[in-house]
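Worksheet for the structure shown next.
All values below come from the heavy atoms of this structure, side chains included, with hydrogens, waters and symmetry mates left out. Residue numbering restarts at 1 for every chain, and letters A, B, ... go by the order of the sequence lines.
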Amino acid sequence: MSDATTPAPAATAPVSMDNLVALAKRRGFIFQSSEIYGGFNGFFDYGPLGAELKKNIRDCWWADMVQRRDDVVGIETSIIMHPKVWEASGHVAGFSDPLVDCKVSKQRYRADQLFFSPVVVTAADGVAQTVGYVSALESENTAGELQTAAESFKRKKAIQGTLCPVVAKDLTEAREDEIALIPSPATGEPGSLTAPRAFNMMFQTNVGAMTDGSSVAYLRPETAQGMFVDFKNVVDTGRVKLPFGIAQIGKSFRNEITPRNFIFRSREFEQMEMEYFIHEDADWSKVHEEWIAWCEAWLKSIGLPDSHLSRYAHPKEKLAFYSRGTVDIMFKYPFGVQELWGIAARGSYDLTQHANASGKPQEVFDEATKKKFVPHVIEPAVGVDRIFLAVLCAGYAEEAVTDEKGNTETRTVLRLSPRIAPVKVAVLPLLKNKEVLVARAQALYKKLQRRYAVFYDETAAIGRRYRRQDEIGTPWCVTIDFDTIEKPGDTFTLRDRDTMQQRRVTEAELFALLEEQVY
RNA sequence: GCGGCUAUAGUUUAGUGGUAAAACUCCACUCUUCCAAAGUGGUCUCGUCAGUUCGAUUCUGACUAGCCGCUCCA
């Protein structure tokens with residue numbers, strides 16, 4: 001990798017998501033999925049330019065992460081894996097938090113954190129009767145709160161008899177007829193709570209002809225488990241030794257409750273993940289920091305400006321129990337600073353889980369100590385779609401341009417790094433009714449096309465063609481003009497997208513520029 | 001999943017209970033010697049499904065989608 005080659009965007013008005021979405025559609029980057037049927041929430045299609053841009057992001061990552069490193073290998077695992085993978089990983093249990101809504105206050109509670117108890121009163125004749133219900137949120141003294149609430153309930157309703165001790169249960173244990181009688185903690189009145197509903201974020205499907213419980217399988221909610229499950233295969237066949245990484249790019253699926261912010265959170269998305277395995281005694285925090293720095297440098301290499309990037313270290317008390325530390329690289333989107341790339345130190349949790357669940361040890365042998373151990377792992381995980389959105393947001397600019405007559409107009413430009421720009425060069429004959437210009441332009445176009453994504457355009461005035469390319473982020477336009485034909489040297493006009501400056505270059509100089517900038 | 005607002009051409013918008021428009025874009029042709037030139041012509045539209053009505057893009061309802069706020073993001 002080298003340093004960023006794209007200049008930082010000029011100070012312009014804040015990017016509006018509406019304008020960005022409009023451009024994405026107008027120029028064929030992103031369409032809503034199934035649009036002619038009214039759209040489908042949480043799913044997106046990538047158009048001709050979007051597919052190119054996305055592929056370039058993927059290819060750059062793969063080249064830098066896998067091909068240009070000696071310590072990382074790539075794999076591609078199946079989207080549907082054995083259901084036990086997701087039991088071992090904790091996703092089946094972790095995804096099933098049932099939630100309860102209060103229809104009046106619009107508050108939402110986790111059912112396992114909302115407790116209730118029947119208020120049972122024993123009358124003078126010794127008959128116990130349930131006279132109502134009380135509820136309380138989970139706290140250090142849930143039972144005590146319920147007891148106090150029950151006493152208050154009995155006093156308010158002026159019920160005679162002896163109050164029995166409360167029996168705290170959480171809402172997941174409530175019967176349907178009980179839910180109607182349990183008061184909402186928000187309003188204190190019964191009748192507004194919904195039954196607990198499980199929001200399992202994994203998409204389910206069935207494998208094979210049978211659709212009974214035994215055939216249930218899941219679309220993967222992350223690609224990472226593929227690397228863990230294939231760990232031994234790679235170790236045994238890949239001639240790798242610690243420390244080393246296994247990387248994968250692929251689609252993942254999560255049944256998000258609220259997909260939002262364009263492609264930022266969608267239900268089908270593409271991940272680029274890498275599991276970097278290290279010795280159990282290695283200094284994980286040093287490796288962790290190295291990977292964070294690597295990820296930041298990589299983001300800059302594809303044109304994301306430093307000014308939009310920041311770090312967020314997850315507070316220790318909020319980490320998942322198996323995590324030793326997680327740092328997110330954040331990006332300043334128009335809708336807020338949001339997570340772009342998570343770099344997690346996961347210890348040996350995943351491999352240990354799979355070793356236990358499968359009964360197959362996931363260990364490597366240490367020649368130095370003659371001992372076996374389960375490696376620890378550092379995991380940088382990033383979404384392709386989030387990077388895609390980030391480069392659009394960072395690159396999009398509406399500039400005021402003044403022509404020689406003094407008229408000011410708006411130029412919409414997408415400042416994409418040459419590394420990822422969907423079109424690297426546009427080849428333009430100055431005039432399309434001059435055969436000599438067209439012929440030279442076609443020849444150059446054909447030659448460039450063998451190595452690069454290039455675009456040929458002879459329609460409309462030259463200025464309009466430049467602006468079209470500005471909007472889709474093409475870094476350079478090459479114009480074949482009369483000087484090309486009439487003057488010695490066979491030079492073209494090379495027009496730079498960001499500066500709008502023009503200079504003359506030869507074919508060799510053009511190829512040298514591309515060789516240097518597009519990698 | 002809840003609430004509020006919204007839905008007319010590729011984009012941004014006007015408009016109407018009686019066969020729907022503007023600007024820009026896009027395409028073709030003419031023209032054009034470097035930054036969205038001009039002329040002519042052209043393609044494309046009332047989110048979906050019902051209801052009311054002689055007739056619905058317009059009124060009503062449901063649905064779907066979008067934005068905003070909650071919630072959620074293991």
Shortest side-chain distance from [X], nucleotide among [options]:
{"X": "A/Thr412", "options": "B/A36, B/C26, B/C2", "result": "B/A36"}
{"X": "A/Asn261", "options": "B/C68, B/C34, B/A36", "result": "B/C68"}
{"X": "A/Gln502", "options": "B/C34, B/C68, B/A74", "result": "B/C34"}

**Report entry** Partner of A/Thr459 by side-chain hydrogen bond (donor to acceptor under 3.5 Å, both in side chains), out of A/Lys432, A/Arg465, A/Arg464, A/Arg468
**Finding:** A/Arg468
Inter-nucleotide [atom1] distance ([N], [M]), Å rounded:
{"N": "B/C70", "M": "B/U60", "atom1": "P", "value": "30 Å"}
{"N": "B/U43", "M": "B/A9", "atom1": "C1'", "value": "10 Å"}
{"N": "B/A28", "M": "B/U64", "atom1": "C1'", "value": "38 Å"}
{"N": "B/U58", "M": "B/G51", "atom1": "C1'", "value": "15 Å"}
{"N": "B/U57", "M": "B/C24", "atom1": "P", "value": "29 Å"}
{"N": "B/U12", "M": "B/U25", "atom1": "P", "value": "15 Å"}
{"N": "B/C2", "M": "B/G55", "atom1": "C1'", "value": "39 Å"}
{"N": "B/G42", "M": "B/A65", "atom1": "P", "value": "38 Å"}

Close N or O pairs between protein and nucleotides 37-43 of chain B (under 3.5 Å):
from  : atom 1 : to       : atom 2 : distance (Å)
B/A37 : OP1    : A/Arg464 : NH2    : 3.2

Query raised in the report: How would you label the contact of A/Arg411 with the nucleic acid (heavy atoms, under 4.0 Å): base, sugar-phosphate, or nothing?
Result: nothing
Requested in this report: Using a heavy-atom cut-off of under 4.0 Å over every strand shown, decide if A/Arg465 touches base, sugar-phosphate, or nothing.
Outcome: nothing
Report summary line: Partner of B/A14 under the Watson-Crick or G-U wobble criteria, both distances under 3.5 Å, comes out as none
**Report entry** Nucleotide opposite B/C44 in a Watson-Crick or G-U pair, distances under 3.5 Å
**Finding:** none
Without decimals, in angstroms, what is the distance between [X] [atom1] and [N] [atom2]?
{"X": "A/Phe264", "N": "B/C67", "atom1": "CZ", "atom2": "C1'", "result": "17 Å"}
{"X": "A/Arg467", "N": "B/C24", "atom1": "CZ", "atom2": "P", "result": "16 Å"}
{"X": "A/Met201", "N": "B/A74", "atom1": "CE", "atom2": "P", "result": "7 Å"}
{"X": "A/Asp470", "N": "B/C35", "atom1": "CG", "atom2": "C1'", "result": "8 Å"}
{"X": "A/Glu409", "N": "B/A23", "atom1": "CD", "atom2": "P", "result": "19 Å"}

Query raised in the report: So which pairs with a foot in residues 18-39 of chain A pass salt bridge (charged side-chain N to carboxylate O under 4.0 Å, His left out), sequence neighbours left out?
Result: A/Lys25-A/Glu35, A/Arg26-A/Glu471, A/Arg27-A/Glu471
Report task. Could you grab the distance from atom CZ of A/Phe228 to atom CD1 of A/Ile246, nearest 0.5 Å is fine? Result -> 9.0 Å
Once salt bridge (charged side-chain N to carboxylate O under 4.0 Å, His left out) is applied, do any residues pair with [X], and if so which ones, sequence neighbours excluded?
{"X": "A/Lys447", "value": "A/Glu507"}
{"X": "A/Lys55", "value": "A/Asp59"}
{"X": "A/Asp490", "value": "A/Arg440"}
{"X": "A/Glu296", "value": "A/Arg311"}

Report summary line: Given the options A/Tyr46, A/Phe331, A/Trp61, A/Phe388 meets ring pair (Phe, Tyr, Trp, His ring centres under 6.0 Å) only with A/Tyr46
When you compare the protein's N or O atoms with those of nucleotides 6-13 of chain B, which come within less than 3.5 Å of each other, and at what distance?
from  : atom 1 : to      : atom 2 : distance (Å)
B/U11 : OP1    : A/Lys25 : NZ     : 3.3

Query raised in the report: Residues from residues 471-487 of chain A sitting under 4.0 Å of RNA chain B, heavy atoms only?
Result: A/Glu471, A/Thr479, A/Asp481, A/Phe482
Requested in this report: Go through residues 424-434 of chain A and report each residue with a non-hydrogen atom lying under 4.0 Å from RNA chain B, sorted by number.
Outcome: A/Leu430, A/Leu431, A/Lys432, A/Asn433
Report task. Starting from the C-alpha separation in whole Å, work towards a yes-or-no answer on salt bridge (Lys or Arg N to Asp or Glu O under 4.0 Å) for A/Glu256 and A/Arg267. Result -> CA-CA 6 Å; A/Glu256 297 283 355; A/Arg267 291 182 165 130; over 6 Å; no
Query raised in the report: Between A/Trp341 and A/Trp298, what is the ring plane arrangement, given parallel below 30°, perpendicular above 60°, and tilted in between?
Result: perpendicular
**Report entry** Residues which pass side chain to side chain donor-acceptor pair (under 3.5 Å) with A/Lys54, listed by chain and number, not counting sequence neighbours
**Finding:** A/Glu270
Requested in this report: Just jot down the side chain to side chain donor-acceptor pair (under 3.5 Å) partners of A/Asp483, sequence neighbours excluded, or say none.
Outcome: none
Report task. Answer yes or no: are there more than 12 heavy-atom neighbours, outside A/Arg504 itself, under 6.0 Å from its atom CZ? Result -> yes
Report task. Run the ring-centre check on A/Phe264 versus A/Phe262 and record whether the distance is less than 6.0 Å. Result -> no
Query raised in the report: With distance as the sole criterion, is a donor-acceptor pair present between the side chains of A/Asp45 and A/Gln32 under 3.5 Å?
Result: no
**Report entry** Protein proximity profile, nucleotides 61-66 of chain B - base contact B, sugar-phosphate-only contact S, no contact -, cut-off 4.0 Å on heavy atoms
**Finding:** ---SSS
